[in-house]
Amino acid sequence: MDQEKIIQYALGNISDVEEKNEISQYLMENKEAREFYKSIKNMWSLTKGGDEGDGLAVEYKRLSKQMGRPRYSLFRHVMKYAAVLVFAVAISYSLLHYLSRTETQPMNEVICPAGQIAEVVLSDGTHVWLNAESRIRYSAAFNGENRNVELSGEAFFDVVKDAENPFLVKVNEMQVKVTGTSFNISAYPENDFSETILVEGKIELLNQQGKRILELKPGEMASYDLTEKKIYLSKVDTRFYSSWKEGKISFHNERLEPIIAKLERWYNVKFVFKDEEIKDYRFTGTVLKNKPLFQVLEIIKLSSPIKFEVIQKSEDKNEIILMKEN
């Protein structure tokens, strides 16, 4: 496939739905193309300079020149208005969406790669926002009577109300039963716990056999410890757990380690803690996804005794070394 198509796809400049699906499928099947796509995303996330659009335009021209392909005269003009979307990538049609089949029944799977946020509208009208490195699976026969999905990663659900046909989300060793409500679930496979936060409405947590464990009220969070097999219930400010779908990471007195885990997914980079003690430094604030990673790192540096070093890698994620400033 033409490399310039992959560049345009990474920038969000492909508007034709069929072409997007074709490129998405190609990236899923071709490792070399997928690595090229990642390198483009990493380049954007580490862009330096005052004007994001100008920086992206310069890099694009450099790539075009290297590839010996014609440049788009409209690119610079468009980027003035699309710079935020380039970083947010909060567009539903840029999904890696394909049909996979099991031995029993056809399944749809929607994948949101690192560095992206995606929105999915299911056939019953339910809206699902997927955070970076997340996926959902559901039957190709998904309809009013069969509203079951499986989640890996993080998603915000705005479920269409249907008292007769509950909406079920299977995650880790539990199920979340809903009739119509808004809630967030974070359950990345590398974590030792999952979090379910209810924004409005009512949800029930069930075990794998479908037996009710507890019911959540708005503003409550159920944290399930996968190691201890225990659930911890607490009151929370839901804004800190759902703002990501609007392109923001909000946190209050939170340890640096989980904040960094979120930044890794958002910017598709790898962080390394050279000094373990800085993992416990606490921060309060909001990170906007339309800001280059370099600016975010500068803010961390200015507000704490931490310095960083960026290691550019051509075949893997760029690496950010965090260390205590002496």
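For clarity, every value in this text was computed on a predicted model and none was experimentally measured. Computation of the quantities below employed the complete heavy-atom set of this structure, encompassing side-chain atoms and omitting hydrogens, waters and symmetry-equivalent molecules.
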Distance-only check: which donor-acceptor pairs under 3.5 Å involve side-chain atoms of residues 192-199, not counting sequence neighbours?
none

Calculate, to the nearest 0.5 Å, the distance between atoms [atom1] and [atom2] belonging to [X] and [Y] respectively.
X	Y	atom1	atom2	result
Cys112	Arg135	SG	CZ	11.0 Å
Asn318	Leu293	CG	CG	9.0 Å
Asp124	His127	CG	NE2	9.5 Å
Ile306	Asp275	CD1	CG	9.0 Å
Thr284	His252	OG1	NE2	5.0 Å
Phe308	Leu297	CZ	CG	4.5 Å

[X], [atom1] atom: more than 12 neighbouring heavy atoms under 6.0 Å:
X	atom1	value
Arg239	CZ	no
Lys229	NZ	yes
Lys279	NZ	yes

Heavy-atom pair with the smallest gap, counting every atom of [X] and [Y]:
X	Y	answer
Tyr267	Lys291	OH-O, 2.7 Å
Tyr138	Asn148	CB-O, 3.5 Å
Phe271	Val269	CE1-CG2, 3.7 Å
Val128	Ala155	CG1-CB, 4.1 Å
Trp266	Val287	CZ3-O, 4.1 Å
Ile185	Val169	CD1-CG1, 3.8 Å

Going by the rule side-chain contact (heavy atoms from CB on, under 4.5 Å), which residues pair with [X] if we only count those two or more places apart in sequence or in a different chain?
X	result
Glu164	Asp162
Ser243	Lys248, Ser250
Ile231	Met174, Leu205, Ile213, Leu214, Ala222, Tyr224
Arg212	Glu204, Leu206, Glu215

Test log, rule side chain to side chain contact (heavy atoms under 4.5 Å, CB included), inputs Thr126 and Arg147:
CA-CA 10 Å; Thr126 292; Arg147 302 204 299 167; 4.2 Å; yes

Are Ser182 and Asp158 close enough, and set up right, to give a side chain to side chain donor-acceptor pair (under 3.5 Å), and what steps lead you there?
CA-CA 4 Å; Ser182 300; Asp158 189 359; 3.2 Å; yes

Heavy-atom check, side chain of [X] versus side chain of [Y], under 4.5 Å:
X	Y	result
Phe156	Glu246	no
Tyr188	Asn131	yes
Glu220	Lys235	yes
Ser242	Trp129	no

Could you tell me whether Lys317 and Glu264 have a side-chain N and a carboxylate O separated by less than 4.0 Å?
no

Assign the ring pair Phe157 / Phe183 to parallel, tilted or perpendicular, where the plane angle (0 to 90°) is split at 30° and 60°.
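Taking Phe183 first and then Phe157, their aromatic rings lie parallel (interplane angle under 30°).
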
Is the ring pair Phe142/Phe167 parallel, tilted or perpendicular, if the boundaries are 30 and 60 degrees?
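The rings of Phe142 and Phe167 stand perpendicular, inter-plane angle above 60°.
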
Please name the residue in the list Lys274, Lys270, Lys313 that meets the salt bridge (charged side-chain N to carboxylate O under 4.0 Å, His left out) test with Glu319.
Lys313

For residues 297-311, which residue pairs pass the side-chain hydrogen bond (donor to acceptor under 3.5 Å, both in side chains) check, not counting sequence neighbours?
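Found none.
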
Give the C-alpha distance, both sets of side-chain angles, the deciding distance and a yes or no for salt bridge (charged side-chain N to carboxylate O under 4.0 Å, His left out) between Glu154 and Lys262.
CA-CA 11 Å; Glu154 184 169 19; Lys262 296 173 184 177; over 6 Å; no

